[in-house]
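Below is one structure, written out as structure tokens, with a few remarks after it.
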Amino acid sequence: MKKIVIALSVLAVLSSCVSKKKYTDLEARNKETQDLLNTATVKLNSCLEEKAGLIATVSGLKDQNQGLISTSRDMTILSTKGAENIEKALESIKEKDLKISRMQDALTKKDSVTLALVTSLKSSVGISDPDIEINVEKGVVFISIADKLLFKSGSYEVTDRAKMVLAKVAKVVNDKPDFECMVEGHTDNVPYNGSGVILDNWDLSVKRSTSIIRVLTNQLGVKPEQLIAAGRSSYIPLVANDSAENRSRNRRTRIVVLPKIDQFYEMIEKEMKKQRP
């Protein structure tokens with residue numbers, strides 16, 4: 001009977017974890033975003049080069065017409081053909097300028113959202129504590145909190161000090177209802193030797209993630225639908241687990257902030273479709 005109770009408890013813990021498929025989909029979405037940005041940047045550079053060529057063409061046509069005027073003093077207007085060519089070139093430059101402007105606005109929008117988010121987080125959470133790091137990787141904002149701020153050794157019970165830090169994070173998340181946050185638990189490589197329903201570091205990392213999510217939702221008013229629970233065990237270390245100090249760095253919880261930027265995607269895709277033959 002005791003074994004059955006333990007097995008059911010383990011199943012309850014693991015079921016709170018985000019599915020591997022959902023987590024893989026999130027990572028694929030981030031990669032697709034980066035690929036889209038890279039492709040858009042290539043298109044933008046191509047437009048800039050084409051614009052430069054058109055400007056050179058206009059300059060040549062103007063010089064040609066100026067020569068005709070100098071040669072034929074009795075001419076009071078540009079030749080019809082030359083004027084038409086200049087008009088077409090100017091119109092083409094105008095169209096390219098508009099496309100370039102739209103693409104630059106779309107590419108800048110994501111950077112602006114990310115910068116505003118980082119500034120807001122650093123202002124709310126503070127950047128003086130070495131155990132709290134806020135940075136950006138590939139356009140995604142990460143808040144990394146050392147486990148010594150969050151949990152006691154081998155435990156998944158959130159400390160009172162951690163709740164003060166999480167309250168600041170919750171304030172930023174609550175101000176951004178269109179954002180999602182994935183809470184990732186990370187451990188060192190020392191095998192878990194506790195008792196109860198926790199079997200190993202996988203269980204511990206997931207349980208720490210869900211413990212933080214319960215604080216955010218039950219005590220700090222964050223909407224559950226904005227949160228994703230994930231555990232990475234010891235497999236994504238920051239540094240080698242070859243000293244007590246390094247193992248301490250690797251024991252952390254990372255909150256991944258994911259802005260919903262569907263409008264950004266739509267703007268980029270719309271402009272890229274316009275440029276296809």
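We use all heavy atoms of the structure for the numbers below, so side chains are in, but hydrogens, waters and symmetry mates are not. Keep in mind that this is a model prediction, so the values were computed, not measured.
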Interatomic distance, CG@Asn189 vs OG@Ser234, rounded to 0.5 Å, equals 6.0 Å

Could you check whether any side-chain heavy atom of Val158 comes within less than 4.5 Å of a side-chain heavy atom of Lys163, counting everything from C-beta outward? yes

Which atom pair, heavy atoms only, marks the closest approach of Gly231 to Ser205? CA-OG, 3.4 Å

Taking the basic N atoms (NZ, or NE/NH1/NH2) and the acidic carboxylate oxygens, is any pair closer than 4.0 Å for Arg251 and Asp188? yes

For the student: nearest non-hydrogen atoms of Ser144 and Arg252, plus distance: OG-CD, 3.6 Å

Looking only at heavy atoms, the pair that brings Arg247 and Val190 closest together is CD-CG2, 3.6 Å

Worked check of side chain to side chain contact (heavy atoms under 4.5 Å, CB included) between Ile143 and Glu133: CA-CA 6 Å; Ile143 309 169; Glu133 295 181 1; over 6 Å; no

Rounded distance (nearest 0.5 Å) linking atom CZ of Arg208 with atom CD1 of Ile212: 9.0 Å

Check this for me: Asn193, atom CG, are more than 12 non-hydrogen atoms of other residues, nucleotides or ligands nearer than 6.0 Å? no

Which atom of Ala170 lies closest to which atom of Leu220, heavy atoms considered: CB-CB, 3.7 Å

How far apart are the closest heavy atoms of Ser209 and Gly185, and which atoms are they? CB-N, 4.2 Å

Atom pair CE/CG of Met164 and Leu149 - distance to nearest 0.5 Å: 11.0 Å

Does Phe151 have more than 12 heavy atoms from other residues, nucleotides or ligands lying within 6.0 Å of its CZ? yes

Nearest-0.5 Å distance, CG of residue Leu204 to OH of residue Tyr192: 6.5 Å

Inter-residue atom distance Ile255.CD1 - Ile213.CD1, 0.5 Å rounding: 9.0 Å

Should Leu54 and Lys51 count as side-chain neighbours, where that means a heavy-atom distance under 4.5 Å? no

Tyr235 backbone acceptor or donor facing Ser233 side chain under 3.5 Å: no

Full working for side chain to side chain contact (heavy atoms under 4.5 Å, CB included) between Val222 and Asn174: CA-CA 6 Å; Val222 177; Asn174 288 333; 3.6 Å; yes

Flag side-chain contact, heavy atom, 4.5 Å: Glu184 against Thr253: no

Between Val165 and Ile145, is any pair of side-chain heavy atoms under 4.5 Å apart? yes

Which heavy atom of Thr210 sits nearest to which heavy atom of Lys207, and what is that distance? OG1-O, 3.0 Å

Under 3.5 Å, side chain of Ser211 to main-chain N/O of Tyr156, donor-acceptor pair present? yes

Under 6.0 Å from the CD atom of Glu225, do we count more than 12 heavy atoms belonging to anything else shown? yes

For the CD atom on Gln219, are there more than 12 heavy atoms of other groups (residues, nucleotides or ligands in this structure) within a distance under 6.0 Å? yes

With a 4.5 Å cut-off on side-chain heavy atoms, are His186 and Arg254 touching? yes

Could you give the distance from NZ (Lys223) to OG1 (Thr217), rounded to the nearest 0.5 Å? 13.5 Å

Among Asn250, Asn246, Thr187, whose side-chain hydrogen bond (donor to acceptor under 3.5 Å, both in side chains) with Asn241 holds? Asn250

What verdict does the side chain to side chain contact (heavy atoms under 4.5 Å, CB included) test give for Leu216 and Val173, after you've listed the backbone C-alpha separation in whole Å, the side-chain angles of each residue and the deciding distance to 0.1 Å? CA-CA 10 Å; Leu216 291 172; Val173 176; over 6 Å; no

